Participant: 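Here it is, the structure, as structure tokens.
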2 protein chains.
Amino acid sequence: MHKPTTKDLAKAAGVSLATVDRVLNARAGVRPATAERVRQAIKEINFVRDFSAANLARKKDYQLVFLLPDHDDEFIDQIQKQIAGTSRVLTHERTKVSILRTSANDPHRVAKEIDNLSASQIDGVAIMAPETPQVRDAILRLHARGIAVVAFVSRQPNAKRTYYVGINNEAAGRTVGQLMARFTGQRHGTVLVLTETMQSRDSQERRHGFDAITAKYADRLTVGPSMETYGDPQRAEKIVKMALQSQPPMVGIYLMSHDILDIMHVIDDLGMAQRIVVIGHELTPFTRARLVDGSMDAVITQDVGHLVRSAIRMLRSKITGMDPLDSQERIRVEIIMRENMPEDA
Amino acid sequence: MHKPTTKDLAKAAGVSLATVDRVLNARAGVRPATAERVRQAIKEINFVRDFSAANLARKKDYQLVFLLPDHDDEFIDQIQKQIAGTSRVLTHERTKVSILRTSANDPHRVAKEIDNLSASQIDGVAIMAPETPQVRDAILRLHARGIAVVAFVSRQPNAKRTYYVGINNEAAGRTVGQLMARFTGQRHGTVLVLTETMQSRDSQERRHGFDAITAKYADRLTVGPSMETYGDPQRAEKIVKMALQSQPPMVGIYLMSHDILDIMHVIDDLGMAQRIVVIGHELTPFTRARLVDGSMDAVITQDVGHLVRSAIRMLRSKITGMDPLDSQERIRVEIIMRENMPEDA
DNA sequence: AAAAAAATGATGTACGTACCTCAGAAAATC
DNA sequence: GATTTTCTGAGGTACGTACATCATTTTTTT
């Protein structure tokens with residue numbers, strides 16, 4: 001009636017504990033037929049390895065690494081804080097997490113950094129980096145070395161078998177599109193889409209989703225092309241100022257990447273008076289303040305804490321070979337307005 | 001450099017392992033001064049008990065119970081499914097969860113059921129029941145017996161020291177209010193608020209939040225009193241039909257409790273043609289279908305999986321005395337539209 | 001059939017903690 | 001100061017698994 005142990009398993013399979021151990025830990029020296037018998041017995045008695053006991057015996061700590069861009073913004077900041085906050089709990093689970101920053105825009109450096117990782121005693125890596133051939137190959141090398149990898153926040157669709165922890169960006173774009181259409185009421189006008197760069201796949205996916213919805217409202221909403229700031233505040237300012245004078249008048253702005261929020265001050269002067277609907281991404285201290293004062297109307301976000309924990313869980317389950325509770329790992333596209341803003345920092 | 005163990009702790013405190021054990025497990029027979037020295041050492045060397053090892057040694061399973069109303073609806077159904085789904089993972093964590101259904105509307109029966117629990121070998125209970133004096137007292141009796149308790153989905157603000165796992169219902173109401181105002185564009189008209197009963201604190205809180213926002217739009221939105229269905233479909237139908245003929249015309253409906261969704265068919269006939277904005281609570285197969293076909297515009301929900309896991313984590317941490325990672329336990333007020341609907345069932 | 005090789009069993013130690021018993025030390029009581 | 005009581009220490013076993021060693025059995029090769 002109790003939970004079956006290795007002993008029960010040995011008895012059920014008609015072998016010794018040593019053999020059970022050999023099969024469970026994929027050690028050499030066991031005939032295929034015998035191994036099969038054990039595997040059969042595992043199913044029959046519904047044996048599940050006690051991982052806490054296993055880890056205890058192994059006296060091993062899992063070494064995980066988050067590879068983050070060295071570009072500093074509030075979102076990355078939140079991720080770092082969450083990782084730090086989570087590590088307290090992880091002590092109980094024999095997991096150590098460290099953070100590595102690297103230049104986001106230099107694929108070769110990122111790839112090199114990843115290669116360095118495989119040299120050290122690392123068990124798993126969460127990589128947040130734009131998708132490039134260099135990065136993709138480096139990830140595949142990690143796989144080859146048996147190091148667990150997940151793509152973090154940025155998808156890596158071309159690196160096969162690399163699980164993605166993050167939101168569905170197309171759905172996020174669709175959601176913004178729908179909110180934009182709804183929040184502008186029945187008004188007619190143009191919508192400005194602003195992003196740091198359209199190079200990234202994330203931006204493209206968001207834009208794609210956004211267009212799919214706004215197209216249905218083409219009779220009253222004119223959506224312009226994605227304007228790129230390239231991280232240049234002056235350029236950004238110029239774009240916004242020009243757009244504010246468009247005809248028909250501007251009714252909405254979609255800030256598609258989280259790292260361009262600093263242009264908000266340009267909008268402030270005119271925007272609030274004109275009731276321009278402003279929607280952006282990621283809930284940060286900055287966007288929180290904007291939601292509260294009404295200069296932004298909604299924020300589409302992903303729960304950073306959940307993001308971090310999910311990445312860690314996925315890595316751990318890849319390492320231990322245990323399959324995760326996938327319903328817990330789905331990252332939701334969250335809509336945050338002033339009214340449903342979570343309380344904490 | 002490694003994680004300190006009880007042995008290290010003993011050395012640091014200048015006592016034996018046995019004494020350390022006595023202090024850690026609150027066993028009798030240790031002088032206050034000595035105990036204090038140990039506690040001091042715990043802080044100094046930053047000792048944290050290895051709970052997996054501890055649980056292993058204890059060879060104990062935590063017995064948890066969810067007390068749910070026996071009223072059958074999709075929301076309760078989802079909760080049950082999540083509990084079942086979670087239990088697989090819990091096996092690894094020495095936790096067993098069972099479900100107990102009880103009449104929701106009979107406070108005495110609920111209280112009696114709770115009292116029965118304290119008799120059996122139960123370590124923690126998550127209670128979903130309307131707040132009544134009987135239930136409150138029964139909860140306090142659980143506390144007295146050292147059984148961990150959390151209020152689940154329904155708050156129990158008068159049962160002291162009872163942690164609440166669920167959303168902030170006032171914030172939920174505010175969110176609906178804001179969405180209602182936004183989604184109705186600049187249109188003028190009445191808004192119908194429909195609920196099963198206003199008896200429950202949840203309904204009152206939601207209504208309160210809803211009014212706080214819609215009051216700002218009083219120039220164009222006329223919000224009627226909360227209409228109660230008392231679970232009677234015919235009564236519900238009559239209410240809705242009457243409301244649909246109101247002057248000024250109806251522009252929105254707020255379905256305030258999740259258990260009244262069956263009246264949607266009444267709205268269907270007229271609602272969609274009149275572009276009535278319909279907002280309700282809880283994402284279920286039913287509301288999913290409504291969001292997809294457009295007969296509902298938004299759903300305010302709480303992640304049921306998260307709800308269940310959070311309740312379990314809170315109970316476990318109360319039992320073991322370990323404090324939880326509270327940022328993980330905050331239940332968000334989620335806005336779901338067709339565009340950001342999570343994929344799974 | 002004998003020898004070599006491969007597979008399996010038996011047994012022990014370890015991980016970090018819980019829990020038990022018994023002996024000895026320290027404190028409180030008389 | 002002697003006695004009782006209360007603390008403390010020393011040591012062991014257990015939990016479920018990992019990992020190592022060595023003896024023994026079974027299979028394969030010659």
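Since the structure is predicted, the reported quantities are computational estimates derived from the model, not experimental observations. Residue numbering restarts at 1 for every chain, and letters A, B, ... go by the order of the sequence lines.
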Participant: Taking CZ from B:Phe51 and P from D:dC15, how many angstroms apart are they, rounded to a whole number?
Facilitator: 22 Å
Participant: When you match A:Val30 and B:Lys7 each to their closest nucleotide on DNA chain C, which lands nearer the 5' end?
Facilitator: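 The answer here is A:Val30.
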Participant: Toward the 5' end of DNA chain C, which comes first, B:Arg22 or A:Arg37, by nearest nucleotide?
Facilitator: A:Arg37
Participant: So if I take every side-chain heavy atom of B:Ala57 and compare against C:dA18, D:dT17, C:dG9, which nucleotide ends up nearest?
Facilitator: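 Of all the options, the side chain of B:Ala57 is nearest to C:dA18.
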Participant: Have B:Thr95 and B:Arg316 got a donor and an acceptor in their side chains that come within less than 3.5 Å?
Facilitator: yes
Participant: Keeping A:Thr162 on the side-chain end and A:Ala159 on the backbone end, is there a donor-acceptor pair under 3.5 Å?
Facilitator: yes
Participant: Can you identify which nucleotide, out of D:dT17, C:dT8, C:dG9, has its nearest atom closest to the A:Arg49 side chain?
Facilitator: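 It is D:dT17.
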Participant: Between B:Ala53 and B:Pro32, who's closer to the 5' end of DNA chain D by nearest nucleotide?
Facilitator: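 First, find each residue's nearest nucleotide; the 5'-ward one identifies B:Pro32.
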Participant: What does A:Asn25 touch in the nucleic acid at a heavy-atom separation under 4.0 angstrom: a base, only the sugar-phosphate, or nothing?
Facilitator: sugar-phosphate
Participant: Between B:Thr19 and D:dT8, does any side-chain N or O lie under 4.0 Å from OP1 or OP2?
Facilitator: no
Participant: With respect to the side chain of B:Ala18, which nucleotide from D:dA18, D:dG9, C:dA10 is positioned closest?
Facilitator: D:dG9
Participant: With a non-hydrogen cut-off below 4.0 angstrom, is B:Ala54 in contact with a base, only sugar-phosphate, or nothing?
Facilitator: sugar-phosphate
Participant: Could you state the OH-C1' distance from A:Tyr62 to D:dA18, rounded to the nearest angstrom?
Facilitator: 11 Å
Participant: Give the rounded distance in Å between these two atoms: CG of B:Leu17 and P of D:dG12.
Facilitator: 13 Å
Participant: Less than 4.0 angstrom between a side-chain N/O of A:Thr6 and OP1 or OP2 of D:dG16, yes or no?
Facilitator: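 For A:Thr6, the contact criterion (side-chain N or O under 4.0 Å from OP1 or OP2 of D:dG16) is not met.
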Participant: Do A:Arg155 and A:Asn168 have side-chain N/O donor and acceptor atoms under 3.5 Å apart?
Facilitator: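 Judged by distance alone, the side chains do not pair up.
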Participant: For A:Arg58 and C:dA14, what is the distance between atoms CZ and P respectively, to the nearest whole Å?
Facilitator: 19 Å
Participant: Report yes if a side-chain nitrogen or oxygen of B:Thr5 is closer than 4.0 Å to either non-bridging phosphate oxygen (OP1 or OP2) of C:dG16; otherwise report no.
Facilitator: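 For C:dG16, OP1/OP2 do not have a side-chain N/O of B:Thr5 under 4.0 Å.
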Participant: If you find the nucleotide of DNA chain D closest to B:Gly14 and the one closest to A:Asn55, which residue's nucleotide is nearer the 5' end?
Facilitator: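 Taking each residue's closest nucleotide, the earlier one in sequence belongs to B:Gly14.
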Participant: Given atom CG of A:Leu56 and atom C1' of C:dT17, what is their separation to the nearest angstrom?
Facilitator: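 My rounded result for the distance is 8 Å.
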Participant: Are A:Asp137 and A:Arg141 close enough for a salt bridge, meaning some N to O gap below 4.0 Å?
Facilitator: no
Participant: Once rounded to the nearest 0.5 Å, what's the spacing between atom CD of B:Glu113 and atom CG of B:Leu67?
Facilitator: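 Here the interatomic distance stands at 6.5 Å.
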Participant: Tell me the interatomic distance from B:Asp21, atom CG, to D:dT8, atom P, rounded to whole angstroms.
Facilitator: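 After rounding, the gap between these two atoms is 13 Å.
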Participant: I want to check one thing: is the phosphate of D:dT8, taken as OP1 and OP2, less than 4.0 Å away from some side-chain N or O of B:Ser16?
Facilitator: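 For B:Ser16, the contact criterion (side-chain N or O under 4.0 Å from OP1 or OP2 of D:dT8) is not met.
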Participant: Do the non-hydrogen side-chain atoms of B:Arg27 and B:Asp21 ever get within less than 4.5 Å of each other?
Facilitator: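 The answer is yes; the side chains approach within 4.5 Å.
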Participant: Rounded to whole Å, how long is the line connecting atom NZ of B:Lys59 with atom C1' of C:dA18?
Facilitator: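 Atom-to-atom, B:Lys59 to C:dA18, this comes out as 10 Å.
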Participant: What is the distance, to the nearest angstrom, from the CG atom on B:Leu9 to the C1' atom on C:dG16?
Facilitator: 13 Å
Participant: So, OP1 or OP2 of C:dA27: does either fall under 4.0 Å of a side-chain N or O from B:Arg31?
Facilitator: yes
